[in-house]
Trainee: 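I am attaching a structure below and will ask some questions about it afterwards.
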There are 2 protein chains.
Amino acid sequence: MAYRSTERVKARLTASRERIVAAAVGILAEHGYAGCSVAAVAERAGVATGSVYRHFPAKADLFAEVFRTASQREVDAVSRAAARETTAAAKLRAVVETFSGRALQSPRLAYALLAEPVDPAVEAQRLIFRRAHATLIAGYVAAGVASGELPPQDTELTSTAVVGALAEAMVGPLAAGVAGPDTIGGLTTFIHRALGVSP
Amino acid sequence: MAYRSTERVKARLTASRERIVAAAVGILAEHGYAGCSVAAVAERAGVATGSVYRHFPAKADLFAEVFRTASQREVDAVSRAAARETTAAAKLRAVVETFSGRALQSPRLAYALLAEPVDPAVEAQRLIFRRAHATLIAGYVAAGVASGELPPQDTELTSTAVVGALAEAMVGPLAAGVAGPDTIGGLTTFIHRALGVSP
DNA sequence: GCAAGAAATGAATGATGGTTCAATTCTTCT
DNA sequence: AGAAGAATTGAACCATCATTCATTTCTTGC
């Protein structure tokens, strides 16, 4: 045998793979899923179209990872912000503010993650994204219920509804380009009330 | 001139057009948007593929009308149910029950109208569908605020959030095939609280 | 340096499905 | 009945991309 891939090559492979994912996230954030042809992603990553297929068996697999990566970043940000707070009310306020603030900061990406039409295989990842948020929120709600800060409720259902409310309230502004002056405040009140935070 | 289309022919044209729309709604309800190739719609309507284009300049235009038609039906049903009630709380309960009940009755159609990936041109109609619901709800909320039954709020924002919550809470059950035992009750409570219905 | 094999390339392939249009059938009016 | 024109047909066309693969370029160990 005269060739056995070495660490250096493996590192380059990994770097290449990461560049492809990053390129895809970049195009997603700039032009949405519609702009994400495999050729465009490859060009931006500085590789040939065919090379994408050395890392991912199919486009759907690439974008599953892309959505997972981008989603995780969002969920982490929300989670980090909530972790700084102690009461359920404060945690939920942090969730709303972080979620909405970031969405309004990167509207194209937020729209792609939340609502833009994508192939069915990628759609599944979107559901996972939404569920990840819901699960996070369900934890805060459940803790609030346990401590008596919130009334008893089906936390699975209410956290799902919260995610829906947040997403829907964002899609309009994301499309229009601006949110109303107190969109975030209004949403916070809505969600506090919905979950039974006492006034 | 030896030919000038007559009433009878015009009626047939209209009937044909309506059959095409109905066929599309039917396929949408049975197989979702994915099953809605122009050829499939034409076959179900009993016309040739090309004939679809005598009525609609492009597939997107056909489906704009399809979504408009199907959406209107939903909005009307919700509106009718709410009209029977007098208080904001009761109207909102009727909205939740009708919306959810119908969605769970026709899950495939509901999923297509609410969440299934479609071309961007059709997506626009979905936004209109959601806005139509939101506008309807905003009316009930505004009336409730005016009468003092509900606290002051940005009715545009809160009604949008309500639609999001409803839709999101439905997508899971629609995909899974079943709703929890008290999904609708839980949602009603959630929305009553969110809008400030006093307990 | 060179042989063996891995990685990378990008033009060609193929599948999908919307759209067109020449040919055909149907309507109307004289 | 027959001419003029409209409606209908459906197979062919075409555009779009995801995917493939024969060829080229790069790496490694000797």
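Protein chains get the first letters and strands the later ones, always in sequence-line order, with residue 1 at the start of each.
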Trainee: Membership question, hydrophobic clusters at under 4.5 Å side-chain separation (ILVMFWY): are B:Ile184 and B:Val171 in the same one?
Mentor: no
Trainee: Pull out every residue in residues 33-43 of chain B that has a heavy atom closer than 4.0 Å to any atom of DNA chain C, ordered by number, or say none.
Mentor: B:Ser37, B:Val38
Trainee: Would you mind checking if B:Arg108 and B:Glu116 are paired as a salt bridge, meaning a charged N to carboxylate O distance below 4.0 Å?
Mentor: yes
Trainee: Hey, can you pull the residues of residues 49-68 of chain A with a non-hydrogen atom under 4.0 angstrom from DNA chain D?
Mentor: A:Thr49, A:Gly50, A:Tyr53, A:Ala58, A:Lys59
Trainee: In a check of side chain to side chain contact (heavy atoms under 4.5 Å, CB included) between B:Val162 and each of B:Val96, B:Val95, B:Leu157, B:Ile137, which one passes?
Mentor: B:Ile137
Trainee: Find the distance A:Leu13:CG to C:dG5:C1' and express it as a whole number of Å.
Mentor: 14 Å
Trainee: Same cluster or not: A:Ile128 versus A:Tyr33, using hydrophobic residues (I, L, V, M, F, W, Y) connected whenever any side-chain heavy atoms lie under 4.5 Å apart?
Mentor: no
Trainee: Do NZ/NE/NH1/NH2 and the carboxylate oxygens of B:Glu7 and B:Arg12 come within less than 4.0 Å?
Mentor: no
Trainee: Check every atom of C:dA7, D:dT8, C:dT9 against the side chain of A:Arg12 and return the nucleotide holding the closest atom.
Mentor: C:dA7
Trainee: Taking the six-membered ring for Trp, are B:Phe56 and B:Phe63 ring centroids under 6.0 Å apart?
Mentor: no
Trainee: Could you tell me the separation between the NZ atom of B:Lys10 and the C1' atom of D:dA6, rounded to a whole number of Å?
Mentor: 12 Å
Trainee: Please determine, for the side chain of A:Val9, which listed nucleotide (D:dT9, D:dT27, D:dA7) has the closest atom?
Mentor: D:dT27
Trainee: Can you measure A:Arg17 atom CZ to C:dA8 atom P for me and round it to whole angstrom units?
Mentor: 13 Å
Trainee: Salt-bridged, A:Arg131 to B:Glu168, with N to O below 4.0 Å?
Mentor: no
Trainee: Does anything in residues 72-95 of chain A pair up under side chain to side chain donor-acceptor pair (under 3.5 Å), and if so which pairs, sequence neighbours excluded?
Mentor: A:Gln72-A:Asp76, A:Glu74-A:Arg102
